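Just below is one structure, and these are the notes that go with it.
Not measured: the values here are computed from a predicted model. Residue numbering restarts at 1 for every chain, and letters A, B, ... go by the order of the sequence lines.
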Amino acid sequence: MLVYKTVENRIRKALKHHIHERYKVDVPIVLERPPKLAMGEAASPLCFELAKQMRKPPRALAQEIANSLKPVPGVARIEVAGGGYLNFFFDRAQFFRAACEEAGHESVSPVANAPKTVVEHTSINPNKAAHIGHVRNAVLGDTFARLLRHAGRRVEVQNYIDNTGVQVADVVLGFLHLEKKSLAEVKTLAAGPKFDYLCWDLYTRVTQWLAEDKSRLELRNQTLKEIEEGHGDTAKAGEIIATAIVHCHLRTLDRLGIDFDLLSQESEILHLKFWDAAFRMLKERNAIQLATSGKNAGCWVMQLPSQRDAADDESNTAAETSEAKPEEPPEEAEAKIIVRSTGTVTYVGKDIAHHLWKFGLLDRDFHYQRFHKHPDGHEAWVTSSDRDDPGAPSFGHAHDVFNVIDSRQAYPQQVVVAGLRALGYDEEADHLKHFAYNVVALTPRCAQEMGYEIPTEDAKKQYVDVSGRKGQGVKADDLLDRLETSARAEVDSRHPESPEAERSAIGHAIAIGALRYFLLRFTRSTVIAFDFEDALSFEGETGPYVQYAVVRVNGILRKGAELDPDIGAENSKNIERLKSGALDVAPFLATPAGDDLWDIVLLAGSLDSRVEFAISAQEPAILARFAFELAQAFNVFYHKHHILSEKDAEKRAFLLLITALVREQLVTTLGIMGITAPEKM
RNA sequence: GCGCCCGUAGCUCAGCUGGAUAGAGCGUUUGGCUACGAACCAAAAGGUCGGGAGUUCGAAUCCCCCCGGGCGCACCA
C-alpha cells in the first residue's frame, strides 16, 4: 500500500532535482503536513532555508519554484502561502483511485534469502507467572515484528529463556528444601493447572525464607551451580520447573495472539560451550584483558569507551592510530568484568556469546527441537544440546537484531555492543538495537486495591513500583480473565440471542483489543501507571473503539445486502468503473463541499507513511494513534453521511467505496497490532 | 559523583528529523437514538508547554544552567 508516501516521494524528488538545477545548491527537503486541509496535503518550508543561501526573500523564491516546477504526478496544483511556504494540493480523485486499487493487497512476502531481522522479546524468567510488565514487552515486540513483516522484511522472533539462573534456582530451592518435595512430586505439580501461579507464591516465600537466615544463601549457590552444570536431581527439577513455566507463559501469550519462532535457552549456551568459543575470540583479538592488579585482579575485563570518547567517536578515529599506545591497564571505573576471578563467566559475557551466535559469527550452532504449536498452527522451536528434530529451519544469521528489553538494562546492552565492536564487528554492532521501553508500575490507588502495603510517602506519587520478589504485580492471566468477563457481560446484554461460542469469541476479541491497544498507545519511554479502571475501559481512545468502527462498517454492508443482495457485486463493479474512469468521483471530492470526504480518504491512504514512520522511529504507538484517528474519522463520516439511503446512485457508490476502503485499512492496521475485528460486538 | 529518561489542560497522554492558531482521551456542563449499531456524534469550559538564559526568520521541539521526579552505574541476572 503506497499512496500518500508515493506522492510525497515524488514531490521530494522533484523539489530536490529542481532546486539543484536552478539554484545550484542543496537544501534539506523538508516536507510536512499543513495544519489545515485548506493549505493542501503536503507543504515545504524549505524556501526559508534557501532564502539564507540565495540572499533573496523566501516568498519570492517560493513563487519562482511554484511557477517553474514541472508538473508532479498526483499533485493538482502548488500554492505559495504565509511567508514562503510551498503548499501542494493533491489530485484527490486520483489519490482515491490509487488507494482503492492498493487497499487489501497483501504486502509482498520477502524472498527466502533476504536479509533477516531477529526480534527478541518476552524473555520472561521461567520461575513464575507472567505479569502486566511482561505483557508490555511481548505486545511491543510482537507488534514491532508484525510491522516489519508488513513492510516486507524477513523476520525471526526469538524468546530468550534464562532457565539456569538464580530465579529458577530459588524456586527449585523452594520445592526441594523449603517444601521438601521429591522430584516425582515436583513433576506432578508441574503437570497440574496454574503451576505458574503456584510458583509465584512459592517464589515469594523463598525470598522471605532466604532473608530469614543468610546461611541459606550457601544452599542457593550450591543449587545454582548444580543447575548450571546440568547434572543430578537438582538440575532435573530445574529443567522440569522451567519447561513447565515456559509452557504456562506460552499459553498466556497464545491468548494474546503472540507467536515465536525460536526459544533460545541459556542451558544450551552453557552446555554447548558457546562461551568457550566466544572467550577464545575475545582473547585472540585482545578485546578483553586479564587484570593483574587492583580490585579486579584475576578478572578478565573489557574496557568500555568513556562517554567522551563515544561522543567524539567520529572525529578522532584518525587520531587514535597515530597515538603511541602505552598499553596501560584499563581504568577500573571503565572496566567491565566479563570473567570473574573464580573463572566463571558473567551474564554479559554469555550475552556477548549469544549475540555472536545471533549474527552467525560463532563457529557453532544449537540443535533444535519442536516445542509448541501456536493456535494458528505456527510452530515454535526450542534449542537443544544434543538432538535435532527433522524439518528445523535455519535460525540466527541475522542482519539486524532488535532486543526488546526494558530501559533499565540499557547499560549491559551497551556492553554487548561494545563487545562486538571490540571484536571488530562494527557493522553488526551498528545493527544491534536495544528496543528499550519503560516499566509498568501501578497507580497508588491500584496498589492499595490489590492489598499491597505502600509507604505513606508513596501514596502521593503518580505510580509505585511493584516487586516480583514480594509477589506484587498484576498477573497477565488474571487481567485477561477480568477483561474477558467484563467484555462478555457487555456482549451478553447486546446479543443475548447469539450462541455461546460466538459470544465467547467476541468477548475474547474485545478483551485482547482493549489490552493490546492500552499497552500500545503509550510511547516506549512512558512509564505506564497501571490502573484497572483505565485498562478495562472500552470507550474513548481504546481498542474496542477502533473495533467498533469496523463492526459498524460490517453492519452497513450486512444491512445493505439485506436490502439489495447484489451490493457486494455492485461494489466490485464500481471499483472497475473507478479504474476505467466510468465512475467520476472528482465532483464529490471537490473543495470545499467535498472536504470532509477528502479528509477520510486522505487519512485512509496514509497507512503506508505511518507504518514507515513507526518502523523508523521504532515506535508502535504511532500505529495505535493512526488506528484511532482513522476510526474517529470514520465515525464522523458515518454520522454526516447516510450511505444506504443516498439517492444519488453515483454518490452512493462512492460512499460505499470509501466505507470498504476504510474497513480494509482499519482491519490491516488492527492486524499489525495483533487485534482482530469481530463481525459484530 | 557520572550517565540515560521524564516534567505539556483537573487526570492520563500525543506532538516526527525546529515550522503556520499547542492536540486527543477521560472527567465536567449542554445537546443528539422513529435513518446503516449511541462501545457513537456535536458543542462548551479548561494550557505562563517545570523555571531561566541562548541559537534561529521561526523553539513544546535544538544548546547551556537551575528546580522537581524516575532509572542505571556489582566478581547479580
Side-chain angles (χ1 to χ4, degrees), chain A residues 28 30 32-36 39 43-45 48-49 51-52 57-58 81-85 87 125 162 164-167 266 295-301 306-307 333 336-344 346-348 350-351 406-412 414 436 438-439 441 443 461-463 465 487 490-491 494 510 514 521-529 531 533-534 537-542 544-545 547-549 551-560 562-563 613-614 616-617 619 621-622 624-625 628-629 631-632 635-636 638-646 655 659 680-681:
Chain A
V30 180
E32 61 194 41
R33 283 293 281 273
K36 288 180 114 174
M39 299 171 178
S44 182
F48 297 110
E49 184 60 31
K52 269 192 265 182
Y85 283 95
N87 289 350
N125 274 314
D162 182 6
T164 52
V166 184
Q167 301 217 25
E266 181 169 83
K295 63 169 182 165
N296 294 336
C299 298
W300 286 88
V301 299
S306 72
Q307 296 303 324
K336 181 73 191 167
I337 291 165
I338 304 297
V339 180
R340 303 181 187 104
S341 54
T342 57
T344 55
T346 62
Y347 158 77
V348 215
K350 281 182 275 190
D351 217 21
D406 78 73
S407 50
R408 291 175 303 191
Q409 297 196 50
Y411 177 61
Q414 281 167 18
N438 225 320
V439 294
T443 62
K461 291 186 179 173
Q462 285 186 308
Y463 50 81
D465 273 335
E490 191 66 34
V491 173
R494 289 170 189 242
I510 294 169
R521 51 181 273 237
F522 301 94
T523 52
R524 289 184 288 125
S525 60
T526 304
V527 175
I528 297 182
D531 196 302
E533 196 177 306
D534 298 334
S537 169
F538 298 152
E539 289 165 15
E541 194 186 341
T542 65
Y545 176 97
Q547 292 171 308
Y548 188 68
V551 165
R552 273 183 153 164
V553 175
N554 294 339
I556 294 170
L557 299 181
R558 203 164 44 231
K559 183 81 174 190
E562 278 172 27
L563 301 172
F613 185 34
S616 66
E619 188 53 272
I622 289 165
R625 189 151 290 273
F628 178 67
E629 278 176 34
Q632 201 174 36
N635 281 330
V636 173
Y638 170 87
H639 280 277
K640 272 192 189 165
H641 302 275
H642 198 263
I643 298 155
L644 295 178
S645 64
E646 174 58 48
L655 295 179
T659 306
K680 53 185 182 178
M681 64 188 265

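The local environment of CD in A:E533 is sparse, with at most 12 non-hydrogen atoms from other residues, nucleotides or ligands closer than 6.0 Å.
To the nearest 0.5 Å, atom OG1 of residue A:T523 and atom CG of residue A:N438 are 9.5 Å apart.
Whole-Å rounding puts the A:F48 CZ to B:A20 P distance at 10 Å. Here B:C75 presents its C1' atom at 5 Å from CD1 of A:I337, a figure rounded to the nearest Å. Rounded to whole Å, the distance from CD on A:E49 to P on B:G58 is 13 Å. If you take NE2 of A:H641 and C1' of B:C41, they are 13 Å apart, rounded to a whole angstrom. Across the protein-nucleic acid pair, A:D531 atom CG and B:U12 atom P stand 11 Å apart, rounded to whole Å. Per the geometry, OH belonging to A:Y463 stands 7 Å off P belonging to B:G70, to the nearest Å. Computed from coordinates, the A:E541 CD to B:G15 P distance equals 11 Å when rounded to whole Å. Summarising the geometry, the separation between NZ on A:K336 and C1' on B:C73 is reported as 8 Å, rounded to the nearest angstrom.
Residue A:V636 has its side chain nearest to B:A42 when only B:C40, B:A42, B:C13 are considered. Side-chain atoms of A:K559 lie closest to B:C36 of the nucleotides B:G19, B:C36, B:A24. Checking B:C71, B:A14, B:C40 against the side-chain heavy atoms of A:D465 singles out B:C71 as nearest. When distances run from any side-chain atom of A:P45 to the nucleotides B:C13, B:G19, B:C71, the shortest one goes to B:G19. Comparing B:C75, B:A39, B:G32 against the side chain of A:C299 picks out B:C75 as the nearest. Residue A:R558 has its side chain nearest to B:G37 when only B:A39, B:A77, B:G37 are considered. Set against B:A39, B:G72, B:G37, the side chain of A:R408 has B:G72 as its closest nucleotide. Of the candidates B:C41, B:C16, B:A14, B:C16 carries the atom nearest the A:F613 side chain, counting heavy atoms from C-beta on. In the set B:G19, B:C41, B:C71, B:C41 carries the atom at the smallest distance from any side-chain atom of A:Q632. Of the listed nucleotides (B:A14, B:A20, B:A38), B:A20 has the atom at the smallest distance from the side chain of A:A81.
Note on A:R552: a side-chain N or O is less than 4.0 Å away from OP1 or OP2 of B:A38. In terms of phosphate contacts, A:Y548 brings a side-chain nitrogen or oxygen within less than 4.0 Å of OP1 or OP2 of B:A39. When the side-chain nitrogen and oxygen atoms of A:K461 are compared with OP1 and OP2 of B:G69, none of them lie within a distance under 4.0 Å. Residue A:Y545 has no polar side-chain atom (N or O) positioned under 4.0 Å from OP1 or OP2 of B:A38. When the side-chain nitrogen and oxygen atoms of A:T526 are compared with OP1 and OP2 of B:A14, one or more of them lie within a distance under 4.0 Å. Look at A:Q462 and you'll find a side-chain N or O under 4.0 angstrom from OP1 or OP2 of B:U12.
If you check every strand for non-hydrogen atoms under 4.0 Å, A:I510 touches a base. Using a 4.0 Å heavy-atom distance criterion, A:D162 is classed as a sugar-phosphate-only contact. Contact annotation for A:K36: base contact, defined as any heavy-atom pair under 4.0 Å involving a base atom. Among the protein residues, A:K680 comes within range of the nucleic acid bases, having at least one heavy atom under 4.0 Å from a base atom. Using a 4.0 Å heavy-atom criterion, one finds that A:Y638 contacts the bases of the nucleic acid, with or without backbone contacts as well. Residue A:G555 is in sugar-phosphate contact alone, with no base atom involved, counting any heavy-atom pair closer than 4.0 Å across all strands shown. At the heavy-atom level, A:F538 lies under 4.0 Å from base atoms of the strands shown. Using a 4.0 Å heavy-atom criterion, one finds that A:A549 contacts no nucleic acid atom at all.
A gap of 36 Å separates the P atoms of B:A77 and B:C63, to the nearest Å. Taking the P atom of each, B:A22 and B:A60 are spaced 9 Å apart, rounded to whole Å. Nucleotides B:G15 and B:A24 have their C1' atoms positioned 10 Å apart, rounded to a whole Å. Distance noted for atom C1' between B:G7 and B:U48: 15 Å (whole Å). Spacing of P atoms, B:G70 relative to B:G32, comes out at 48 Å, to the nearest Å. Here the separation of B:G46 from B:A9, taken at their C1' atoms, is 6 Å to the nearest Å. Rounded to whole Å, the C1' atom of B:C2 lies 39 Å from the corresponding atom of B:G25. When the C1' atom is compared between B:A53 and B:U12, the two are found 32 Å apart, to the nearest whole Å.
Scanning atom types as modelled, no donor and acceptor separated by under 3.5 angstrom connect the side chain of A:R521 and the base of B:A14. Donor-acceptor pairing under 3.5 Å, judged by distance alone, is present between the side chain of A:N87 and the base of B:A20. At a cut-off of 3.5 angstrom, counting only N and O atoms as typed in the model, there is a donor on one side and an acceptor on the other between the side-chain of A:S341 and the base of B:C75.
With a cut-off of 3.5 Å on both Watson-Crick or G-U wobble distances, the partner of B:G3 is given as B:C71. For B:G25, the paired nucleotide is B:C11, the pair qualifying as Watson-Crick or G-U wobble because both relevant distances are below 3.5 Å. As the counterpart of B:U61, no nucleotide is assigned, since no Watson-Crick or G-U wobble pattern has both distances under 3.5 Å.
Within the 4.5 Å cutoff, the side chain of A:V439 has heavy atoms near those of the A:D465 side chain. A:T443 is not listed as a side-chain neighbour of A:Q462, based on a closest heavy-atom distance of 4.5 Å or more. The closest side-chain heavy-atom distance from A:K350 to A:E266 is below 4.5 Å. Contact check for A:E49 versus A:P28: side-chain heavy atoms found under the 4.5 Å cut-off. Contact check for A:K559 versus A:L644: side-chain heavy atoms found under the 4.5 Å cut-off.
For the pair A:H642 and B:C36, the ring geometry qualifies as stacking, because the centroid separation is below 5.5 Å while the planes lie within an angle under 30°. A:Y411 does not qualify as a stacking partner of the B:G3 base, lacking a centre-to-centre distance under 5.5 Å together with planes within 30°.
Mapped onto RNA chain B by nearest heavy atom, A:E533 and A:S44 fall at different nucleotides, with A:S44 at the one closer to the 5' end. In this structure, A:T344 and A:E539 both approach RNA chain B, and ranking their closest nucleotides by distance from the 5' end singles out A:E539.
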Fill in: Stepwise salt bridge (charged side-chain N to carboxylate O under 4.0 Å, His left out) test for A:E490 and A:R494
CA-CA 6 Å; A:E490 191 66 34; A:R494 289 170 189 242; 2.9 Å; yes
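The side-chain tip of A:R521 does not point at the ring of A:F628 from less than 6.0 angstrom away and within 45° of straight on.
A ring-centre distance under 6.0 Å is not found for A:F538 and A:Y548.
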